[in-house]
Amino acid sequence: MRMTESMTTAGPTLTRGQVPMAAPAPESAPLRRPRTVRQRLWRYKFLYLLFLPVFAYYTIFQYWPILLSFIVSFKDLKLGAGIWGSDWVGFQNFAEIFSDPALMNVFSNTVEISLLRLLFGFLPPIILAILFHDVSSRVFKRITQTIVYIPHFFSWIIVYGIVFAMVATGPGLINNALEWFGGERIEFLLSEEWFRPILIASGVWKEVGWSTIIYLAALATIDSELYDAAALDGAGPLRRIWYVTLPAILPVISFVLTINLGFILYAGGEQILAFYNSAVYDTADVIDTWVYREGLGRLQFSIGTAMGLLQSAVGLVLVMLSNTIARRLTGRGIW
């Protein structure tokens, strides 16, 4: 009798086929977060050990050279004396830069070529990425993407060789076609009128395929149901691009535009060094070629470093300004 009473008071009576319910598990005590820096370091010591090689790499090969270049730009660097043994000259290097009579033309060429690159090279990757995104045949898409990507891996010397084969005065394909149609041969690479179009066109051809990758990654995140809903509402292909595709990748477009504006004083010196000659100095000489000529040609390392610091400072200001404008216009920015 006592056993029966104890069983009835212990819990509800189970019928046949009924599974007894398990008792609720006791609540676990909340984890204590480390309060001091020492406790955090000890708790996450293995993560910090994994991060240590990355921190060492960026410190030695990235931030330390930036600090040294900042110091060199305010010194009169002598190779024999080294960085720390050279004299401190303050802003004298910057004064010599702005006192150079040819510098205004160099700045003008740099900004003009950079704006031309931005004007003619910004939209083609977006258009190409949208076309690749809408292609239904995977085989055709992969083949065309590979063909468009390949020029990115060519060096500028190879690109110059291809351009030379096209526009050379003697064996050039374009000049041969002009002569065949009754026209006169043109010295494209020696003409100030034609040098910049050739420069911009070859640059866009080389990099347009590679620049589509970031836009294709953004397009892959768009929900396909948005396109289906737009099609049900009667929107055609162009309207779907305008009302669905472009608004979805607008943050990426804003990001790329902001980064490109930060490189407005970098007009592609490597390409220009491969393409230009003495006949087109007036329209082709940019800051990078000026630094190469002054810093390495005349061994004026401090002046070349000061110009590099000036380029970085202007780029930083432009990035911050363009990011502020993008946040006000689109509500989104890099930060």
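All values reported here derive from a predicted model rather than from experimental measurement.
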Does CZ in Phe122 sit with more than 12 non-hydrogen atoms of other residues, nucleotides or ligands closer than 6.0 Å? yes

Is the count of non-hydrogen atoms from other residues, nucleotides or ligands lying under 6.0 Å from Tyr292 atom OH greater than 12? no

What I'd like to find out is whether the side chain of Ile130 reaches to under 4.5 Å of the side chain of Thr245, using heavy atoms alone. yes

Val208 to Thr212 - nearest heavy-atom pair and separation: O-CG2, 3.1 Å

Over 12 foreign heavy atoms within 6.0 Å of CH2, Trp180: no

Hey, does Ser254 have a side-chain heavy atom less than 4.5 Å from the side chain of Thr258? yes

Side-chain contact, heavy-atom cut-off 4.5 Å: Phe74 with Leu309? yes

Spacing of CG belonging to Leu232 relative to OH belonging to Tyr227, to within rounding of 0.5 Å: 15.0 Å

Let me check something: do Trp205 and Ile147 share a hydrophobic cluster, defined by ILVMFWY side-chain heavy atoms less than 4.5 Å apart, either directly or through other members? no

Under a single-linkage definition using a 4.5 Å side-chain heavy-atom cutoff for Ile, Leu, Val, Met, Phe, Trp and Tyr, are Val167 and Phe154 assigned to the same hydrophobic cluster? yes

Sorted by chain and number, sequence neighbours left out, ring pair (Phe, Tyr, Trp, His ring centres under 6.0 Å) with Phe275 holds for Tyr160

Consider only side-chain heavy atoms of I, L, V, M, F, W and Y, link residues closer than 4.5 Å, and tell whether Leu190 and Ile200 are in one cluster. no

Under 30°, 30 to 60°, or over 60°: which ring-plane class applies to Tyr63 and Tyr58, parallel, tilted or perpendicular? tilted

Which Ile, Leu, Val, Met, Phe, Trp or Tyr residues join Ile97 in one cluster when any pair of side-chain heavy atoms under 4.5 Å counts as a link? Phe98, Leu103, Val106, Phe107, Val111, Leu115, Ile264, Leu265, Ile287, Trp290, Val291, Ile303, Met307, Leu310, Val314, Leu318

Look up atom OG in Ser73 and atom CZ in Phe91, then write down how far apart they are to the nearest 0.5 Å. 9.0 Å

Do Trp156 and Val204 share a hydrophobic cluster (ILVMFWY, side-chain heavy atoms under 4.5 Å, transitive)? yes

Rounding to 0.5 Å, atoms OG1 (Thr110) and CG (Asp288) come to a distance of 7.0 Å

Is there a side-chain contact between Ser69 and Phe301 in this structure, where contact means two heavy atoms from C-beta onward sitting under 4.5 Å apart? no

Gap separating the CZ atom of Phe94 from the OG atom of Ser99, nearest 0.5 angstrom: 13.0 Å

Mark yes when over 12 heavy atoms from residues, nucleotides or ligands other than Glu192 sit less than 6.0 Å from its CD; otherwise mark no. yes

Does Arg240 reach the main-chain N or O of Ala230 with its side chain, forming a donor-acceptor pair under 3.5 Å? no

Test question: given the 4.5 Å side-chain rule for I, L, V, M, F, W and Y, name all other residues clustered with Val317, or answer none. none

Considering all heavy atoms, the nearest Ala284-Phe195 contact: CB-CE2, 3.3 Å

Using a 3.5 Å distance criterion without hydrogens, assess whether the side chain of Lys141 forms a donor-acceptor pair with backbone atoms of Arg138. no

Would you list the pairs meeting salt bridge (Lys or Arg N to Asp or Glu O under 4.0 Å) in which at least one residue belongs to residues 159-184, sequence neighbours left out? Glu179-Arg185

So Asp76 and Asn93, do their side chains get closer than 4.5 Å, heavy atoms only? no

Minimum heavy-atom distance between Ala168 and Asn175, given as atom pair plus value: O-ND2, 2.7 Å

Gln62 CD: over 12 foreign heavy atoms closer than 6.0 Å: yes

Could you tell me which residues satisfy ring pair (Phe, Tyr, Trp, His ring centres under 6.0 Å) with Trp64, sequence neighbours excluded, listed by chain and number? none

Do you know the tightest heavy-atom contact between Leu77 and Ser302? N-OG, 2.7 Å

Would you give the length of the straight line joining atom CG of Leu261 to atom CG of Asn323, rounded to the nearest 0.5 angstrom? 11.0 Å

For Tyr276 and Thr283, which I'm curious about, is there any donor-acceptor pair between the side chains at under 3.5 Å? no

Could you report the tightest heavy-atom contact between Thr221 and Ala217, atom names first, then the distance? CG2-O, 3.5 Å

In the structure I gave you, are the side-chain heavy atoms of Arg293 and Asp285 within less than 4.5 Å of one another anywhere? yes

Leu68-Leu79 co-clustered via ILVMFWY side chain contacts under 4.5 Å: yes

Side-chain contact test, heavy atoms from C-beta onward, threshold under 4.5 Å: evaluate it for Ile241 versus Asp134 and give yes or no. yes

Closest non-hydrogen atom pair, Pro251 against Pro247: CD-O, 4.0 Å

Would you find more than 12 non-hydrogen atoms of other residues, nucleotides or ligands less than 6.0 Å from Trp194 atom CH2? no

Return the CG to OG distance between Leu216 and Ser211, rounded to the nearest 0.5 Å. 11.0 Å

Less than 4.5 Å apart, any side-chain heavy atom of Phe188 and any of Met166? no

When Ile, Leu, Val, Met, Phe, Trp and Tyr are grouped by side-chain heavy atoms lying under 4.5 Å apart, directly or through other members, which residues fall in the same group as Val135? Phe140

Checking the side chain of Asn277 only, and the main-chain atoms of Ala279 only, is there a donor and an acceptor separated by less than 3.5 Å? yes

Fit a plane to each ring of Trp210 and His152, take the angle between them on a 0 to 90° scale, and name the class: parallel (under 30°), tilted (30 to 60°) or perpendicular (over 60°). parallel

Would the number of heavy atoms belonging to other residues, nucleotides or ligands and lying under 6.0 Å from OH of Tyr266 be above 12? yes

Ignoring hydrogens and angles, tell me if any N or O in the side chain of Gln271 forms a donor-acceptor pair with the backbone of Leu199 under 3.5 Å. yes

